[in-house]
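In what follows, a single structure is set out as structure tokens and then discussed.
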Protein chains: 2
Amino acid sequence: MATGRTHRPATRSRGIPEATVARLPLYLRALTALSERSVPTVSSEELAAAAGVNSAKLRKDFSYLGSYGTRGVGYDVEYLVYQISRELGLTQDWPVVIVGIGNLGAALANYGGFASRGFRVAALIDADPAMAGKPVAGIPVQHSDDLEKIIQDNGVSIGVIATPAGAAQAVCDRLVAAGVTSILNFAPTVLTVPDGVDVRKVDLSIELQILAFHEQRKAGEEAHTDGTGPAAAVTREGADDSAPSADKGPDGDVPAVMPA
Amino acid sequence: MATGRTHRPATRSRGIPEATVARLPLYLRALTALSERSVPTVSSEELAAAAGVNSAKLRKDFSYLGSYGTRGVGYDVEYLVYQISRELGLTQDWPVVIVGIGNLGAALANYGGFASRGFRVAALIDADPAMAGKPVAGIPVQHSDDLEKIIQDNGVSIGVIATPAGAAQAVCDRLVAAGVTSILNFAPTVLTVPDGVDVRKVDLSIELQILAFHEQRKAGEEAHTDGTGPAAAVTREGADDSAPSADKGPDGDVPAVMPA
DNA sequence: TTCTGTGAAATGGTTCACAGCA
DNA sequence: TGCTGTGAACCATTTCACAGAA
């Protein structure tokens with residue numbers, strides 16, 4: 001399919017670059033910390049340091065949102081918190097469901113970061129009948145038979161998948177059919193979704209493998225380095241990838257085996 | 001770009017693009033699944049579909065590793081599994097420590113994906129004395145007083161931080177001082193590390209906020225889509241984003257607020 | 001003066017399209 | 001003939017450097 005999509009630049013809209021969107025939560029967190037300390041204003045330099053980026057990038061990012069700063073002074077913390085929150089859609093409340101209440105699902109349910117910013121765990125869902133009714137993080141687990149009803153009753157549009165890999169696609173399909181249009185996937189599988197549905201994945205094993213790559217390189221490098229500092233340090237902390245994607249995926253299970 | 005002749009062949013294979021490195025684990029997973037099904041060869045088209053990318057990207061990615069394919073045929077699955085594993089440094093065993101054995105740390109310790117691919121949980125560390133000695137995922141938790149000794153005794157170079165945000169930087173500092181050079185950070189904090197230390201972060205709350213941004217945009221968009229027709233949805237495939245939105249005048253203020 | 005906002009250049013990454021080998 | 005490997009075009013993001021507001 002898709003033998004070359006019709007490339008249409010379309011409207012010159014106020015499209016905020018994806019890379020910028022990915023950093024807004026970082027700025028927001030730093031700003032919230034400042035706000036709690038009652039700091040009234042910050043410079044791009046200070047805020048950038050707190051968020052772990054450089055100041056040019058931060059200013060460029062903010063320029064996509066508008067002109068919220070004051071030259072010679074900096075940014076008003078409270079005002080910026082509000083503007084970024086609004087831009088990210090956090091001024092409204094997002095009910096989310098977590099599917100798969102194993103170790104990870106329970107950890108997610110207990111994670112304070114969810115509730116702290118516009119997100120509310122509307123329901124916990126698991127396929128195990130023995131789990132039904134048991135409270136996790138104060139919320140009773142519901143059986144997956146009722147998934148569709150739960151989604152609709154709560155007006156849920158964001159779903160978190162924390163099931164084993166083998167169950168993820170089926171859960172995903174049901175979530176989407178029930179109206180969910182954004183999915184955060186923790187299962188190590190490529191999910192296939194229809195157009196208009198957004199998927200982001202978090203994959204522990206992939207992150208570790210990327211670290212291993214760099215680690216191995218370091219080990220090979222330390223042969224000709226004197227004491228005056230490593231030649232090519234890869235210190236990156238703000239950078240990020242995580243490209244949501246979805247395509248075909250005949251893949252179903254990933255029992256993973258060690259290649260020897 | 002007209003003047004762009006800064007093309008630096010530089011150090012040949014030393015320069016695998018970061019974006020490519022980030023996709024290698026994806027290919028590896030797809031290949032492993034094929035290998036288990038005893039599939040002998042794959043085309044770039046098939047493998048790309050299984051990994052959720054397009055074939056041109058995959059071929060380009062592989063071209064950075066070398067010429068491992070056969071024209072007119074495809075790639076030998078086993079051979080490619082080995083080559084990618086080697087490139088990622090997975091032919092050796094990486095002992096990792098997990099610091100902070102709360103809900104999340106326990107989930108990580110139990111996560112099969114760790115052990116399955118060259119990684120071995122060498123130790124679990126927590127600051128709570130009450131945890132010491134208690135087995136999690138079959139591994140006894142050790143007290144953080146012994147952190148340095150544990151790192152050194154096990155030759156650990158990769159550390160996972162799953163502590164509360166407030167403790168993360170201190171833990172990070174101790175890990176680095178003890179010799180850890182790669183860190184996977186689950187705490188919602190920006191970590192500061194010296195040159196030569198690699199940090200990757202996984203932040204649930206940030207991922208959700210990015211989803212919320214797109215979700216909000218979808219909500220504002222739905223006007224003529226009623227479920228039929230290939231209307232210009234917010235479909236994303238890799239990094240394609242071009243959703244129209246309200247524009248703003250030059251140097252003007254931002255559009256109105258949308259209270260909900 | 002200080003610090004934001006932003007064109008323009010540089011860099012990095014993706015897609016195209018096709019030469020060339022099995 | 002079929003599919004890989006890859007220069008070159010294209011697009012996105014980052015960085016530079018400085019004009020201009022407070």
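Predicted model only: the values in this text are computed from it and were never measured. All heavy atoms count here, side chains included; hydrogens, waters and symmetry mates do not. In what follows, chains are A, B, ... by sequence order, proteins preceding strands, each numbered from 1.
Between Tyr75(A) and the phosphate of dG5(C), there is a side-chain N or O to OP1/OP2 separation shorter than 4.0 Å. Between dC3(D) and Ser43(B), no contact under 4.0 Å exists linking OP1 or OP2 to a side-chain N or O. When the side-chain nitrogen and oxygen atoms of Thr70(A) are compared with OP1 and OP2 of dA22(D), none of them lie within a distance under 4.0 Å.
Distance from the side chain of Arg71(A) is smallest to dT4(C) among dT4(C), dT14(C), dT4(D). Side chain of Ala19(B), nearest nucleotide from dT4(D), dG7(C), dT14(C): dT14(C). Comparing dT4(D), dT6(C), dT15(C) against the side chain of Lys60(A) picks out dT6(C) as the nearest.
Here the P atom of nucleotide dG12(C) and the CD1 atom of Ile16(B) are 15 Å apart, to the nearest Å. Distance CD (Glu45(A)) to P (dC16(D)): 12 Å, rounded to an integer number of Å. Rounded to an integer number of Å, the gap from CG of Asp61(A) to P of dT14(D) is 7 Å. Rounded to an integer number of Å, the gap from NZ of Lys57(A) to C1' of dG7(C) is 19 Å. Rounding to whole angstrom units, CD of residue Gln83(B) and C1' of dT4(D) are separated by 16 Å. Here dT4(C) presents its C1' atom at 15 Å from CG of Asp76(A), a figure rounded to the nearest Å. When the P atom of dT14(D) is taken as reference, atom CD of Glu18(B) falls 13 Å away, rounded to whole Å. Atom CG of Leu65(B) is separated from atom P of dT4(D) by 15 Å (rounded to the nearest Å).
Summarising the geometry, atom CG belonging to Asp61(A) is positioned 11.5 Å from atom OG belonging to Ser44(A); distances are rounded to the nearest 0.5 Å. Taken from CG in Leu184(B) to CD in Glu207(A), the straight-line distance is 6.0 Å, to the nearest 0.5 Å.
With ring centers used as reference points, Phe62(B) lies 6.0 Å or more from Tyr68(B).
Among the protein residues, Phe62(B) comes within range of no part of the nucleic acid, since none of its heavy atoms lies under 4.0 Å from any strand.
When each of Asn54(A) and Ser67(B) is assigned the nucleotide of DNA chain D bearing its nearest heavy atom, the one mapping closer to the 5' terminus is Ser67(B).
Arg217(A) has no carboxylate O lying under 4.0 Å from a charged side-chain N of Asp198(B), or vice versa, which leaves the two without a salt bridge.
Counting atom types as modelled, Arg59(B) pairs a side-chain N or O with a base atom of dG5(D) as donor and acceptor under 3.5 Å.
Contact record, Gly52(B) with Val190(A): CA-CG1, 4.1 Å, taken as the closest heavy-atom pair.
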